[in-house]
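Below: one structure, written as structure tokens.
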Amino acid sequence: MTDKLILKTEKDVKAAMPVFVDIKTHSKMVALKAETGIPIRKLTDMMLNFALENIVIEGDNDED
């Protein structure tokens with residue numbers, strides 16, 4: 001897959017919402033927030049939307 005999610009740096013916004021992910025994933029999100037200034041809430045929204053637009057589902061359907 002060659003598609004990339006391009007992020008542009010932003011100034012810190014004081015809004016916060018809980019994000020429920022694995023601790024390792026959250027740590028990566030915190031590092032990305034520190035680098036870009038984009039709030040975790042917005043990063044999560046951007047990443048999920050990117051994933052939903054580019055997802056490929058493989059496997060058998062159980063329909064017979």
Side-chain angles (χ1 to χ4, degrees):
M1 184 157 116
T2 60
D3 293 334
K4 303 254 186 225
L5 177 60
I6 308 298
L7 303 176
K8 296 182 180 180
T9 59
E10 292 184 3
K11 294 187 179 190
D12 193 24
V13 177
K14 297 293 180 184
M17 292 183 74
V19 176
F20 299 100
V21 295
D22 183 76
I23 293 171
K24 197 174 198 179
T25 302
H26 187 265
S27 295
K28 292 177 183 179
M29 297 292 289
V30 170
L32 190 56
K33 177 195 181 297
E35 182 178 340
T36 64
I38 301 172
I40 291 175
R41 174 191 48 77
K42 190 169 182 180
L43 287 169
T44 302
D45 186 62
M46 293 167 68
M47 291 177 177
L48 287 174
N49 281 315
F50 179 82
L52 290 169
E53 291 171 7
N54 293 285
I55 195 165
V56 175
I57 299 172
E58 296 179 343
D60 295 332
N61 277 339
D62 289 337
E63 297 177 31
D64 289 306

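None of these values were measured; they are calculated from a predicted model.
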| Run the side chain to side chain contact (heavy atoms under 4.5 Å, CB included) check on K28 and V21 step by step: do they pass? | CA-CA 11 Å; K28 292 177 183 179; V21 295; over 6 Å; no
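Side-chain contact between V30 and I40 is present, with at least one heavy-atom pair separated by less than 4.5 Å. The shortest distance between side-chain heavy atoms of D3 and E53 does not fall below 4.5 Å.
The line from NZ of K33 to NE2 of H26 is 10.0 Å long, rounded to the nearest 0.5 Å. T44 OG1 to L32 CG: the interatomic distance, rounded to the nearest 0.5 Å, is 9.5 Å.
Contact detail for I6 and M46: the closest heavy-atom pair is O-CE, 4.4 Å. Scanning all heavy atoms of the two residues, the minimum distance from L43 to I38 falls at CD1-O, 3.5 Å.
At distances below 3.5 Å, at least one donor-acceptor pair connects side-chain atoms of N49 with backbone N or O atoms of D45.
Surrounding CD1 of I23 are at most 12 heavy atoms belonging to other residues, nucleotides or ligands under 6.0 Å away.
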